[in-house]
Amino acid sequence: MLAEGSEATPVVNKNKRHRKEKPWDTDDIDHWKIDPFKPEDNKAGPFTEESSFATLFPKYREKYLREVWSAVTQALEPHGIACQLDLIHGSMSVRTTRKTYDPYIILKARDMIKLLARGVAIGQAVKILNDDIACDIIKIGNIVRNKERFVKRRQRIIGPDGSTLKAIELLTQCYVLVQGNTVSVMGPYKGLKEVRRIVLDCMKNIHPIYRIKELMIKRELAKDPALATESWDRFLPKFRKRHLKTSEKTAKKNERLKEKNEARAAAGLPPVEEAAKKEKKEKKVYTPFPPPQQPRKVDLQLESGEYFLKAHEKEAREAKKRKEKQEEVTAERRAKRAEAFVAPEEEAAPTIEEKRKRKRDQEQDGAQSSKHQEDKSKKKKKKKRADDEDS
């Protein structure tokens, strides 16, 4: 209770900051949120000009498009877009009307008919009208010339039983459809970028599994808030190129040689020098005179008489030279292949005469050696007797 005439002192909370709410305060606004475009957002009213887009579709899509065209019309009607299916010319077209209020929806409608033409089902193609979904049609037909190689690499995107395609869709949050010479993709912008990279790399002979592994690692790293401000390069796999340039090969060779020499130096061994050192070119003696002028191609032809030959004679001469060269190469290859079939030299079994001669030689050698030993023993005995007499 306060006494009469006494003033109440205001209680100030020192921990709380008091400030006026300003009209430009944007602390609670989500800057990344995409607000839907409503009819009241179009302040200018109906469009003054009509915009339209048309696209062709293949013959095999005609039956399906006829069946689902009512669903296409129903999907575009709330946005004020008119659509037309021309079966004579094989085309679909979309255009703005007086009821259209969103200026960007015509581009979304264009993407929708493009996807329908590329084989995407109506249920999936309608999702492109949402603001958070975009599409990308990747052309892969002109990357690989060889038809068989193209089919093999395109199949690599799909994988066995569609497993690779499913993995790409799960990691990128995109819908992917491989059809003919194009790959149709629907999803967020970040996912579209990743899918385009995977598809183009696959057509350049880089298997999708490498990019899939990278995306899986990135997804796990994104869960850790401590790594938000750090570089992820140390966690990502580094795949070695199989086909290196000459400069890259030389650099790798020098690195290996350096490591080897360091190890040998630590062990107290002399360093290994490169096996194939380029020989230094001998210094040419300087002469003030220029080198003699080399004859031109025409001069050489005039000397040999080739210049005066007719076209068919020249062709016959070239064909003859080519044939002679082919014969030489064929002969060399034939000789090289024949080397494998040459029988090795074998020692022939000794004949009866050779055996007898060898036996006689052995007996003579044995007799000589025994005689030599007897002579030695006799000399020793004589020497012994002489020593005994002297003593």
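Just so you know, these numbers come straight off a predicted model, no measurement behind them.
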Quick one: closest heavy-atom pair of [X] and [Y], and the distance?
X: I157; Y: P208; result: CA-CG, 4.5 Å
X: Y64; Y: A121; result: OH-CA, 3.5 Å
X: A117; Y: R61; result: O-CG, 4.0 Å
X: M186; Y: V120; result: SD-CG1, 4.5 Å
X: P188; Y: C174; result: CD-SG, 4.1 Å
X: F150; Y: G141; result: CE1-CA, 4.1 Å

Do the non-hydrogen side-chain atoms of [X] and [Y] ever get within less than 4.5 Å of each other?
X: R296; Y: L300; answer: no
X: N42; Y: F47; answer: yes
X: R358; Y: P350; answer: yes
X: L76; Y: L129; answer: yes
X: M92; Y: W69; answer: yes
X: L200; Y: I138; answer: yes
X: N181; Y: K139; answer: no

### Query
Tell me, which pairs form a salt bridge (charged side-chain N to carboxylate O under 4.0 Å, His left out) where one or both residues lie in residues 123-137, sequence neighbours left out?
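Sorted result for residues 123-137: D136-R196.
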
### Query
With sequence neighbours left out, which residue pairs that include part of residues 198-227 fulfil the salt bridge (charged side-chain N to carboxylate O under 4.0 Å, His left out) condition?
R197-E214, D201-R211, R211-E214, E214-K218, E220-K223

### Task
Sequence neighbours left out, what passes side-chain contact (heavy atoms from CB on, under 4.5 Å) with S231? Give chain and number order.
D233

Please confirm whether the backbone N or O of [Y] pairs with a side-chain atom of [X], one donor and one acceptor, at under 3.5 Å?
X: T96; Y: S51; answer: yes
X: Q301; Y: V298; answer: no
X: R95; Y: Q84; answer: no
X: W232; Y: I217; answer: no
X: E169; Y: V176; answer: yes
X: H89; Y: S91; answer: no
X: E259; Y: R256; answer: no

### Query
Applying the side-chain contact (heavy atoms from CB on, under 4.5 Å) test to R356, which of K359, R360, E353 qualifies?
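Checked K359, R360, E353 against R356; only one passes side-chain contact (heavy atoms from CB on, under 4.5 Å): R360.
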
### Summary
Which of V195, V199, V185, L215 passes side-chain contact (heavy atoms from CB on, under 4.5 Å) with I168? Answer is V195

### Task
Please assess L165 against V178 for the test side chain to side chain contact (heavy atoms under 4.5 Å, CB included), listing each intermediate value before the final yes or no.
CA-CA 9 Å; L165 195 70; V178 182; 4.2 Å; yes

If you count every heavy atom of other residues, nucleotides or ligands that lies below 6.0 Å from [X] atom [atom1], does the total exceed 12?
X: L269; atom1: CG; value: yes
X: R149; atom1: CZ; value: no
X: Y307; atom1: OH; value: no

When hydrophobic residues are tied together by side-chain contacts of less than 4.5 Å, even through go-betweens, does [X] share a cluster with [Y]?
X: I206; Y: I143; value: no
X: L236; Y: I209; value: no
X: I81; Y: F37; value: no

What distance do [X] atom [atom1] and [Y] atom [atom2] have between them, rounded to the nearest 0.5 Å?
X: I198; Y: M203; atom1: CD1; atom2: CE; answer: 14.5 Å
X: L221; Y: M216; atom1: CG; atom2: CE; answer: 12.0 Å
X: E306; Y: K297; atom1: CD; atom2: NZ; answer: 8.5 Å

### Task
Might you work through the salt bridge (charged side-chain N to carboxylate O under 4.0 Å, His left out) test for E62 and R66, ending with a clear yes or no?
CA-CA 6 Å; E62 186 180 319; R66 246 191 306 185; 3.8 Å; yes

### Task
Kindly determine whether D41 and K38 satisfy side chain to side chain contact (heavy atoms under 4.5 Å, CB included), including the steps that lead there.
CA-CA 5 Å; D41 295 327; K38 295 174 183 177; 3.7 Å; yes

### Task
Show the numbers, then the answer: is there a side chain to side chain contact (heavy atoms under 4.5 Å, CB included) between R156 and N205?
CA-CA 10 Å; R156 209 178 280 170; N205 205 21; 3.1 Å; yes

Give the table of side-chain donor-acceptor pairs shorter than 3.5 Å for residues 315-329, with sequence neighbours excluded, one pair per line with atom names and distance.
none

Return a table of donor-acceptor pairs under 3.5 angstrom between the side chains of residues 97-113 and protein atoms on other chains or two or more places apart.
from : atom 1 : to   : atom 2 : distance (Å)
T97  : OG1    : G80  : O      : 2.6
T97  : OG1    : K99  : N      : 3.3
T97  : OG1    : T100 : OG1    : 3.4
T100 : OG1    : G80  : O      : 2.4
T100 : OG1    : T97  : N      : 2.9
T100 : OG1    : T97  : O      : 3.2
D102 : OD1    : Y104 : N      : 3.1
K108 : NZ     : I128 : O      : 3.3
K108 : NZ     : N130 : O      : 3.0
K108 : NZ     : I133 : O      : 2.5

### Query
Can you name the salt bridge (Lys or Arg N to Asp or Glu O under 4.0 Å) partners of E77, sequence neighbours left out?
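E77 satisfies salt bridge (Lys or Arg N to Asp or Glu O under 4.0 Å) with no residue once adjacent residues are dropped.
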
### No-hydrogen, no-angle side-chain donor-acceptor test under 3.5 Å, R118 and S184
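S184 and R118 do not have a side-chain donor-acceptor pair below 3.5 Å.
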
### Message
Between F57 and L87, is the side chain to side chain contact (heavy atoms under 4.5 Å, CB included) condition met? List the steps.
### Response
CA-CA 10 Å; F57 60 85; L87 298 173; 4.2 Å; yes

